[in-house]
Amino acid sequence: MKRLQTWLGVDQRRPLFLAVLALIGLCAVALFNHLGSLGLMDKTEGLFVEVPRQMLESGDWVTPRWNGETFFDYPVWGYWMVGLSFRLFGITEWAARLPAALAATVTVLGAFGLVLQLAPPTEALQQRLGRATLAGSVLTLSPAWVGWGRSSVTDMFLASAIALALFSFVLAYQAVESPLLRRLGHAGMALFAGIAVLAKGPVGVLLPGLVIGVFLLLKGQLWNELRRTPLLPMTALFLGVATPWYALATQANGTEFLGRFLGFSNLERFTSVLYSHPGPPWFYLPWVLILLLPWSLFLPIALARLGFWRLDRWRQKPAPGDLALFALVWLVVVVGFFSAAATKLPGYILPAVPAGALLVALMFQPLPNSAEAKPQGLGLRVTGWLNTGLLGLMALASALLPRLLDADPAYPGFADAVSRSGLPGLLAAILLLAATGLVVLLLQPGWLSRLWLPNLLGFAAILALVVPGLAPLLDRERLLPIRTLARTAGQQALPNEPLLVVGYKRYSVVHYSGRPVLFVDNIGEVGEHLAHVPAGGSVLLFCSDSELLDLGVGPGDGLLLGRVDAHQLIRLPIKRLRGLIKRP
């Protein structure tokens, strides 16, 4: 240990290098570990990955297409990133998810860099690096960041771009005496806001603008900051990044693009319920708790220590302690904005996760000269015991998981495979060890500020030890049947023979079969779509046994082309299918 300290003390760049390396290693465990072991997940990922595949195949990088039609629900940034990854590394699940994992990692490093930059140079380097590493680690090991960072969907591209834009604002706002850092921060705001708009539309600039505007109003510095901000160059950079694709897409597709994207995918999504995803105004409150577990348990203590209800806390001149206040505004504005929307999905509040992570990290290790002190006292002790109880309950649930899993008729071997894997027992042991670590810290005087350590080590151990066994198991038992039969459908389909997926919308079938698919909930929806099929023709049916039974298709009605577990691919004469449609 002394040799290591001596080696680190020779050059200040060495501890910095070691901290960055440790954080990158943590990201590798959390975000890249067995990244390609799972097949594409239905529904959203199966859809989102197919669009860039078609872009790469067609050479048209302007107009998104999916399942034989134009698809304007999302802008193009995520498609471009995945398409570029496909071009570099081939069309694989790993390549599809790589851009999202990289975006999540860059945001983690951005949080590290910002917290490090805001610490005064007079503070010991060990303290500065420890705080910055904790901030990056809490974000890395937040369940939402791991989940969406390992999924090829658009949410992570939006969340990471918004986070980097807001990090850039803080950098510019705090760098009162450094013109270079202010210019860098202003450029980052415009650049990443432009990318956010390319990732998901106007919300990419609206959300950062709302967060910054509310924060500056509370600080009483809105007009002062606006006067010091180079708005024209920033606007030019933002428009240069965000608008060219929108102009090209409008030129190529006209009013269809504008109506579908701006009207349906933005205004209607906010003002009315789409895709059967409603929710009450408090919908996101439990999701904040879930998406940030176990760190979210400490959010009430973090907010209480801020004293945010005192006006004098806000009206101070720019200071490093403002980062926690800014993170509070960030969290509240994002959750409040999406709570007001009619359509609600958990992933919508992913942009709030970096704010929650910063609040918790800065509670444990505040920046110098912050109004809040290091966390001590009854509130933190009670929260620590709640944290311990939660981990204990999770350990118990993991140990009992094989008994709690119901047999799914569509995946008959899944519950037994989980039981035989030994993974529930391993997960329970890790959670129990983390809970034990919390108990030890809670019983030691003066160690409350280290309550983050068992949580961090426990979650990292789960990702390092459980995921390598769990990902292949999930793929083999739940995703492989879909992938196998979809590829069989692509190989066995006759020219112009329709492929029907009945029941659950398995969008990955489009990707793995390489052909358009008709998705229907019931047989009554089929008729008008198959009027072009000649009387002697046939269709391919892809569904589970139970869904086939609901259709009224029995043994001998068609030719079985493939079967994996409870999923079947059947060639059915169109005459028989039309008979089922006419059946009362």
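Note that the coordinates shown come from a computational prediction; the quantities given were computed from them, not determined experimentally.
- For the pair Arg53 and Phe86, the cation-pi test (distance below 6.0 Å, angle within 45°) is failed.
- Minimum interatomic distance between Gly194 and Val241 (heavy atoms only, all atoms of both residues): C-CG1, 3.8 Å.
- The main-chain N or O of Trp148 is never found under 3.5 Å from a side-chain atom of Asp155 such that the two would form a donor-acceptor pair.
- What you find for Ala489 and Arg515 is that their closest heavy atoms are O-CD, 4.2 Å.
- The heavy-atom pair separating Glu93 from Gly36 by the smallest distance is CB-O, 4.1 Å.
- Looking at Trp77, its side chain never comes within 3.5 Å of a backbone N or O of Phe157 through a donor-acceptor pair.
- For the pair Asn387/Asn455, a side-chain contact is recorded, criterion being any heavy-atom separation below 4.5 Å from C-beta on.
- Using a 4.5 Å heavy-atom threshold, the side chains of Val335 and Tyr348 count as separate.
- A donor-acceptor pair under 3.5 Å links the side-chain atoms of Arg150 to the main chain of Ala30, judged by distance alone.
- For the pair Arg65 (side chain) and Asn67 (backbone), a donor-acceptor distance under 3.5 Å is absent.
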task: Evaluate the side chain to side chain contact (heavy atoms under 4.5 Å, CB included) criterion for residues Ser152 and Val82: first the C-alpha distance (whole Å), next the side-chain angles of each, then the deciding distance (0.1 Å), finally the verdict.
output: CA-CA 8 Å; Ser152 186; Val82 176; 3.5 Å; yes
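- None of Glu50, Gln54, Glu69, Met55 except one satisfies the side chain to side chain contact (heavy atoms under 4.5 Å, CB included) rule with Pro64; the exception is Met55.
- Side-chain atoms of Ile570 and Leu561, non-hydrogen and from C-beta on, never get closer than 4.5 Å to each other.
- Residues Ile349 and Leu291 have side chains in contact (heavy-atom distance under 4.5 Å, counting atoms from C-beta outward).
- Under a 3.5 Å cut-off, the side chain of Thr484 and the backbone N or O of Val564 do not form any donor-acceptor pair.
- In this structure the side chain of Leu569 reaches within 4.5 angstrom of the side chain of Leu499, judged on heavy atoms.
- Between the side chain of Ser85 and the backbone N or O of Ala95 there is at least one donor-acceptor pair closer than 3.5 Å.
- Among all heavy-atom pairs drawn from Leu463 and Leu141, the shortest one is CD1-CD2, 3.6 Å.
- Pro424 approaches Ser398 most closely through the heavy-atom pair CB-O, 3.1 Å.
- Tyr507 pairs by the ring pair (Phe, Tyr, Trp, His ring centres under 6.0 Å) definition with Trp66, Phe519, not counting sequence neighbours.
- Less than 6.0 angstrom separates the ring centroid of Phe48 from the ring centroid of Tyr79.
- In this structure, a donor-acceptor pair under 3.5 Å is absent between the side chains of Asp475 and Ser37.
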task: Let me see the working for Phe32 and Leu102 under side chain to side chain contact (heavy atoms under 4.5 Å, CB included), right down to the final yes or no.
output: CA-CA 9 Å; Phe32 296 90; Leu102 288 174; 3.8 Å; yes
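- Judged by distance alone, the side chain of Tyr74 and the main-chain N or O of Val153 form no donor-acceptor pair under 3.5 Å.
- Side-chain N/O atoms of Gln568 and Ser544 include no donor and acceptor closer than 3.5 Å.
- Side chain of Asp60 to main chain of Val62: a donor-acceptor pair is present (N/O by atom type, distance under 3.5 Å, no hydrogens or angles).
- Checking side-chain atoms of Glu497 against main-chain N and O of Leu494 turns up a donor-acceptor pair under 3.5 Å.
- Under the 3.5 Å distance criterion, with hydrogens and angles disregarded, no donor-acceptor pair is assigned to the side chains of Asn253 and Thr70.
- A donor-acceptor contact shorter than 3.5 Å links the side chain of Ser421 to the backbone of Leu423.
- Residues Pro75 and Trp245 form a side-chain contact, since some pair of their non-hydrogen atoms from C-beta on lies under 4.5 Å apart.
- Between Leu390 and Leu293, some side-chain heavy-atom pair lies under the 4.5 Å cut-off.
- Every residue was checked against the side chain to side chain donor-acceptor pair (under 3.5 Å) condition with Gln492, not counting sequence neighbours, and none meets it.
- Between His567 and Arg506 the shortest side-chain heavy-atom distance falls below 4.5 Å.
- Of all heavy-atom pairs between Ala196 and Leu158, the closest is O-CD1, 3.8 Å.
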